[in-house]
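A short write-up of the structure that comes next.
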There are 2 protein chains.
Amino acid sequence: MVSTHRATIQDVAVLSGLSICTVSRALRHLPNVSEREQEQVAGAAAKLGYKALAAASRPEGGRTGSLAIVAPTATSWFFAQAVEAAEEVLGDSGYDTVLISLRNQDSVRRQFFADLGNLAQRVDGLLLLTMDLVPGEVAALEACGLAIASVGMENVPWDNVAIDDEHAAWQATQHLLGLGHWDLAVLSSNEHPVATETPRFRGFKRALDEHHLTVHPDLVVCAGPSIDDGRRAMAELIARGASPTAVFAHCDEAAFGALKALREYGLSVPKNVSVIGMDNHPMSGFLGLSTVAQPVADQGAFAANLLCERLLNTETPHQPSNHLLDTKLIERKTTRHKR
Amino acid sequence: MVSTHRATIQDVAVLSGLSICTVSRALRHLPNVSEREQEQVAGAAAKLGYKALAAASRPEGGRTGSLAIVAPTATSWFFAQAVEAAEEVLGDSGYDTVLISLRNQDSVRRQFFADLGNLAQRVDGLLLLTMDLVPGEVAALEACGLAIASVGMENVPWDNVAIDDEHAAWQATQHLLGLGHWDLAVLSSNEHPVATETPRFRGFKRALDEHHLTVHPDLVVCAGPSIDDGRRAMAELIARGASPTAVFAHCDEAAFGALKALREYGLSVPKNVSVIGMDNHPMSGFLGLSTVAQPVADQGAFAANLLCERLLNTETPHQPSNHLLDTKLIERKTTRHKR
DNA sequence: CTGAAAGCGCTTACAG
DNA sequence: CTGAAAGCGCTTACAG
């Protein structure tokens with residue numbers, strides 16, 4: 001009959017007839033352990049099914065073995081892809097990944113920052129996904145002493161992986177302008193805490209500038225990264241009486257929603273309105289959505305790797321690095337010359 | 001100058017002029033602490049920014065404060081929704097949620113079971129998402145001593161929340177049969193470790209049985225829960241020379257893929273082929289996909305609640321409960337009478 | 001109500 | 001190479 005309680009190092013010591021510290025050393029393959037002892041200990045530990053209780057090992061300094069991924073929301077396509085890719089890398093490096101979704105809610109976000117001090121006890125590092133931070137928040141993050149890396153952020157004092165969001169948005173907008181459109185609407189995520197929005201809007205604006213056009217406030221509408229939000233935003237735009245000939249959505253899911261709303265209002269794409277998104281979601285090909293493709297899983301995996309490296313040499317001073325991955329304009333059937 | 005090292009209970013004791021155990025009690029709001037002491041301790045702790053180091057508190061028995069969600073994959077729609085809904089509930093109950101994706105890979109799955117003993121040290125419980133378990137795995141799960149709850153599983157010795165998958169598949173199939181189709185193809189996830197497949201296939205078969213039809217092996221093809229897998233599966237079916245007049249896909253994403261493949265092969269939906277899925281994905285309305293709607297976030301949240309309750313009274317013997325949520329057939333434009 | 005003492009499971013100097 | 005002792009930060013009986 002096996003004991004109902006978990007085996008302790010004490011049990012292994014007794015069974016192997018060795019001292020508790022010899023067992024400790026043997027199990028961790030430290031020097032100064034004879035081969036015979038090594039074997040005795042291994043045997044006893046196996047028989048008892050003994051595993052060192054992580055929490056008891058140097059409770060004071062100790063690493064937790066966990067890393068947190070924090071995302072503005074976890075349900076949209078971008079985040080689900082990035083999270084799984086990152087989880088794979090972290091897992092392979094021996095870390096548990098704890099998932100923290102801010103659920104697009106300000107209250108949850110505040111809660112996160114309020115709890116940061118506690119969180120710092122429970123994880124060794126943070127992987128931030130496109131979080132739009134105010135200076136105070138950056139400071140709080142740095143002060144908590146955790147290793148940090150991020151995806152899709154700008155000017156942060158830690159390693160970051162992203163695309164050139166400004167350029168990507170410029171590409172999309174430029175494509176529309178090149179097709180003769182000048183009444184451009186934007187589905188922007190400006191009221192959401194998504195860090196990629198700022199550079200994307202900048203890119204949109206720059207493209208207009210280059211054509212001596214200005215951003216029309218009535219044609220800017222907020223949409224979260226989901227189909228429903230995109231639909232709602234486009235419907236609002238139409239109900240408002242706006243009549244753009246082309247729309248740039250900050251992500252493909254919002255673009256899908258826009259297509260839906262346009263159809264509901266009897267507007268034909270691309271005949272009446274051209275639509276372009278960003279991401280290259282797996283549905284985009286099927287729907288013929290023009291878009292700017294970005295490597296999502298790669299960004300998550302890359303940033304996760306940087307975080308792990310950071311944790312490996314935590315002593316050496318570190319110069320934050322910023323890595324930009326390529327994007328590619330994909331012209332499909334939702335964009336067409338203005339006529 | 002604040003000390004660079006984290007404050008310990010010792011520091012709080014010194015600063016407040018009280019003993020270490022009084023501090024411990026005060027901080028946890030235990031009885032037998034005078035109000036004055038309570039205040040002194042609170043003040044000192046605040047000044048020092050002291051937080052009890054979780055790892056040092058009863059390292060032996062201790063709860064970890066973490067719960068793991070394990071999913072066959074984390075990228076598909078169903079899982080992303082269920083995971084976020086569950087994460088919210090777990091978070092509100094004070095747990096960190098560690099995410100474990102099996103990434104649709106057998107090697108990762110085996111790794112998970114091999115590591116179960118270690119995992120049991122790092123979390124207090126498991127929320128299993130539609131995992132298709134062999135008896136040995138169920139036994140291993142029970143043996144690891146963790147609290148467990150699940151979504152979308154059958155006959156498991158722990159709390160489970162699901163839909164009536166057999167009935168849902170029956171509804172979808174019955175809908176097709178009622179439309180006069182009898183050459184039915186199924187995109188099944190039979191080679192994937194998804195627990196919902198078994199009852200769904202049963203429901204499919206039962207509907208055929210009721211119409212004195214039999215399942216044609218050539219019309220059964222495997223597809224994972226993704227658009228690409230659905231497309232590949234449907235393309236394979238067509239390439240194989242099969243010519244079903246209707247297809248039932250085990251989830252909407254696979255159905256989207258099927259629509260894509262059908263179009264690539266010049267087949268028109270629903271004129272030549274009817275297609276029905278399952279889920280009611282946000283894109284389904286837009287695409288006019290007929291489907292069987294199921295409440296996904298609700299299942300995740302419900303199961304998470306059951307797990308938390310389980311953890312609350314871990315002493316009392318527990319009769320596993322099984323909860324079935326409602327589904328609803330939604331007829332749209334991808335299904336039509338055979339002609 | 002309060003604190004000295006022992007203990008949780010493990011690790012780290014330090015003697016031998 | 002090996003083990004007795006002290007220690008990690010916190011909690012839990014147990015005296016007072």
Exercise. Between B:Leu48 (CG) and D:dC10 (P), how many Å, whole number?
Worked result: 11 Å
Exercise. To the nearest angstrom, how far is A:Glu35 atom CD from D:dC1 atom C1'?
Worked result: 13 Å
Exercise. Nearest of C:dG3, D:dG3, D:dC10 to any side-chain atom of B:Tyr50?
Worked result: D:dC10
Seminar exercise, completed: Nearest heavy-atom contact between A:Glu87 and A:Thr97 is CG-CG2, 3.5 Å
Exercise. Does B:Tyr95 offer a backbone N or O that forms a donor-acceptor pair with the side chain of B:Ser93 under 3.5 Å?
Worked result: no
For this session: Kindly say if A:Ser24 contacts the phosphate of C:dC10, meaning a side-chain N or O under 4.0 Å from OP1 or OP2.
Result: no
Seminar exercise, completed: CG of B:Leu128 to CH2 of B:Trp158, rounded to nearest 0.5 Å, is 5.5 Å
Exercise. Is the shortest side-chain N/O distance from B:Ser34 to OP1 or OP2 of C:dC1 below 4.0 Å?
Worked result: no
Exercise. Out of D:dT11, C:dC10, C:dA4, which has the shortest distance to the side chain of B:Ile9?
Worked result: D:dT11
Exercise. Is B:Arg28 near enough to D:dT11 that one of its side-chain N or O atoms lies under 4.0 angstrom from OP1 or OP2?
Worked result: yes
Problem set entry | Nearest atoms (heavy-atom pairs only) where A:Ala13 meets A:Val23 | CA-CG2, 3.7 Å
For this session: Using both distances under 3.5 Å as the test, list the Watson-Crick or G-U wobble partner of D:dA13, or none.
Result: none
Exercise. Testing B:Val151, B:Thr73, B:Leu99 for side-chain contact (heavy atoms from CB on, under 4.5 Å) with B:Phe79, which one passes?
Worked result: B:Thr73
Exercise. Roughly, in whole Å, what's the span from CZ in B:Arg36 to C1' in C:dC1?
Worked result: 10 Å
Exercise. Between D:dA13, C:dC1, D:dG3, which one does the side chain of A:Thr22 approach most closely?
Worked result: D:dG3
Exercise. Pick the nucleotide of DNA chain D nearest each of A:Asn32 and A:Cys21; which residue has the one closer to the 5' end?
Worked result: A:Asn32
Problem set entry | Side chain of A:Thr8 - closest among C:dC10, D:dA4, C:dG3 | C:dC10
For this session: Calculate the interatomic distance between B:Gln40 atom CD and C:dC1 atom P; express it in whole Å.
Result: 15 Å
Problem set entry | Spacing of A:Ile20 atom CD1 relative to D:dA5 atom P, expressed in whole Å | 13 Å
Problem set entry | Identity of whatever pairs with D:dA4 - Watson-Crick or G-U, under 3.5 angstrom | none
Problem set entry | Between C:dC8 (P) and A:Gln10 (CD): distance, integer Å | 9 Å
Seminar exercise, completed: Between CG of A:Leu18 and C1' of D:dA4 the distance, given in whole Å, is 14 Å
Seminar exercise, completed: Rounded to whole Å, the CG-P distance (A:Leu30 to C:dC10) equals 16 Å
